[in-house]
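Quick notes on the structure that follows.
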Amino acid sequence: MVSGYANRLLYVDLTKGKIKKLRLAKSLIKQYIGGKGFGARLLYDLLPPHIDPLGPTNLLMFFTGPLTATGAPATARSIVITKSPKTGTFLDSNSGGFWGCWMKMAGYDGIIITGRAPKLSYIYINDGSVEIRDAEHLKGFGVYATIDSLVKDVGDKDAKVAAIGPAGENLVKLAAVMNDYHHAHARGGPGAVMGSKRLKAIVVSADTSNPKFEIADPDGFKEFNRDFIKEVVMGPSQEWARTDGTPIIVRASNNVGVLPTRNFQQGVFEDVDKIDAETLRKYRTSKGACYRCTIACRNITKIKDEKWGEITLDGPEYETIGLGGSNTGLGDFKAIIAWNSLVDDLGMDTISLGNVIGYAMEAYERGLLTKEDTGGLELKFGNADAQMELSKMIAKREGIGDVLAEGVREFALWLGGDAYKFAIETKGLEYPAYDPRGSIGMALAYATSDRGACHMRAWPIAEEAFGDMDPFTPEGKAELVIRMQNFNAVKWSMVFCDFLDINYEKMAEYLKLVTGMEYTPKDLETVGERIYNLTRLFNVREGFSRKDDYIPYRIAHEPIPTGPNKGFAVSPEKFQKMLDEYYKLRGWNKDGVPRKKKLRELRLGRDIKKVSIPGASY
Ligand code: SF4
């Protein structure tokens, strides 16, 4: 038994209706820590190559980490792992809230789900007992009603629920797994995988006064945690999170010209003062927090409006404002709150959906879509009603919503011709809210992210446009992106929240006190590198290579027309230079395939024989 872990995984085969409890292997813990690391190892080992992500063979796994539910700050996280139906790549997607903590306190470090239930079902975990129950009565229910109904059904008002909405049931590729109403495992379509398994929800009841794990050195942990909270969490580097949270980035991004505006046509939004943190404060009723998180970055907002009604929301975050606000030309904070609330209830990823709507609006304004195509919707930038209606159509796969439910890349293919030139995605995943034409390292970060365009593997803009590095030069960006990717692979394995200011040294201290295991900062860096190479290997096995590490046409060929980065695009030459350097520093060949030497160095040598792709140099 290893302290810090429940030392058990739950295995549920929905086809056979079988439930098993598995012991967590110590070797897995030592080499992969938890969360993303566990998922990377198990997905690679358990999933045959080239399976249909929406077929019954795909695995849907949820993991926590050694610090989950311990009271360490920003650790109220869980992570979902699967093969993405959106990209066909490895997918990890993490979320805050309470649900993950309940899973661990009930006695499970993770849940591995396979198969497909004969009818809509939910899993009920009640500490030691686990059942698969009928959920047919919840068909078509939104996330909020599903959670309310299940909490009543199980007779535990403190039960926590992870659920899908109509989008997940309809296999929409933008579908999220939601928990505690407004927390989302959003990116890459994990909700569609859950829907394909006919699994509506996972409900957990836990005796929180008796969590099923131990802390190796409780007194030492208490003391270290208290000092860390005092020095770091309450310190100046976390002030932004404690006060306004991520919405503070809206104004900062606009100032440096990277705020996506009207489907990334501009990087500056003329109505920024209507969607920034100052505006948010007018609607904020209180601050909120995930389970025992002392940062408490959440903004609880409320509107009472003739048009949108009375809405209370935990949000919106920067990404939602950037993609569902400026990117759709919507300078109306009440409408953004209403849209965020609607999308959470439908169970979708606000980043991808904001991109899809922005893209459809540009297509409409260019005359590539007509009112006939849209079912009468006037899809113009800034039309809040159209944004709402289109979101519902996508979740229900109604009319044009059926093709848009596949995402920007597929919709561009459906439109044909030059429509791909304004599709903003990599590997089929739509861009987050930072335009690389104002921070060139972001182009490399998006292109080499293991789950498609993502800002949570590496966020070089912190040191470029928001820091001291030149944002337009490729020099030094490969090393920076690699360093951040490896670090974040460890962060998502612990599983920490993105917003915590922590380093390898402090992580190693926490690990020692909670688990009793000793890691040096260098050991942790190696764990991160191992995980990132393993997820790359997963993608290589699926057929991904250099050809898939691309940047969108607009980012490469359309200089940004306004703002501080006016005239700048990420030229293909500069981008390829960064990519070459990145592969070289990574120890990968020119196709982006990890070399044997690197894999052996990372103790992944045995995985080489499982890779068979054209161009792999073995
Ligand atoms: S920092 Fe914010 S999002 Fe992260 S765990 Fe804490 S409250 Fe949740």
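Every value quoted in this text rests on a predicted model; they were computed, and no experiment measured them. Position 1 is the first residue of the sequence; numbering continues from there. Atoms within each ligand, like the ligands themselves, are counted from 1 in listed order.
For K36, the salt bridge (Lys or Arg N to Asp or Glu O under 4.0 Å) partners at least two apart in sequence or on another chain are D92, D450. With sequence neighbours excluded, the residues forming a side-chain hydrogen bond (donor to acceptor under 3.5 Å, both in side chains) with T520 are D523, listed by chain and number.
Note on K86 versus E430: salt bridge recorded, some NZ/NE/NH1/NH2 to OD/OE distance being below 4.0 Å.
Within the protein, the N, O or S atoms sitting under 2.8 Å from atom 2 (Fe) of ligand 1 are C297 SG.
Residues Y122 and T146 have side chains that never bring a donor and an acceptor to within less than 3.5 angstrom of each other.
Both tests hold for K30 against Y519: distance to the six-membered ring centre under 6.0 Å, angle to the ring axis within 45°.
Residue R77 has at least one heavy-atom neighbour below 4.0 Å for each of these atoms of ligand 1: 3 (S), 4 (Fe).
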Under 3.5 Å donor-acceptor pairs involving side-chain atoms of residues 492-512, not counting sequence neighbours:
from	atom 1	to	atom 2	distance (Å)
W492	NE1	M456	O	3.0
S493	OG	G37	N	3.0
S493	OG	A489	O	2.7
D501	OD2	S237	OG	2.6
N503	OD1	E505	N	3.2
N503	OD1	K506	N	2.8
Y504	OH	F487	N	3.4
Y510	OH	N225	OD1	2.5

